[in-house]
Amino acid sequence: LLLRKEEKVLLHLIKEIRQLRREKNMNEDMKIGAKIALEGVKEELIKVRAELKRKGYDNRRGFTTIEAYIDDSIKELK
């Protein structure tokens, strides 16, 4: 199991990604903002992974799936 703090962060990040992907009629400024937000989500995910590794939870499943989901979301905005 993930630690509570990290679990809450991941759930929040996933909600942010879903919300950004639902927005269909984005102008260019909105797309730029969404890309910046997704990059922030990816950075936060990297921080969570590093914190878990520091605490001894080295190989957590699902992170590559979430990262791929973020990358796909960014590609959709181009």
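Remember, it's a predicted structure, so these values are computed and weren't measured experimentally.
The residue from R49, K53, K55 that alone fulfils the salt bridge (Lys or Arg N to Asp or Glu O under 4.0 Å) condition with E51 is K55.
Transitive grouping of hydrophobic side chains (ILVMFWY, heavy atoms separated by less than 4.5 Å) brings V41 and M30 into a common cluster.
Pairs of residues two or more places apart, or lying in two chains, that qualify as side chain to side chain donor-acceptor pair (under 3.5 Å) and include a residue from residues 33-43 are K42-D71.
Of all heavy-atom pairs between L38 and I70, the closest is O-CG2, 3.8 Å.
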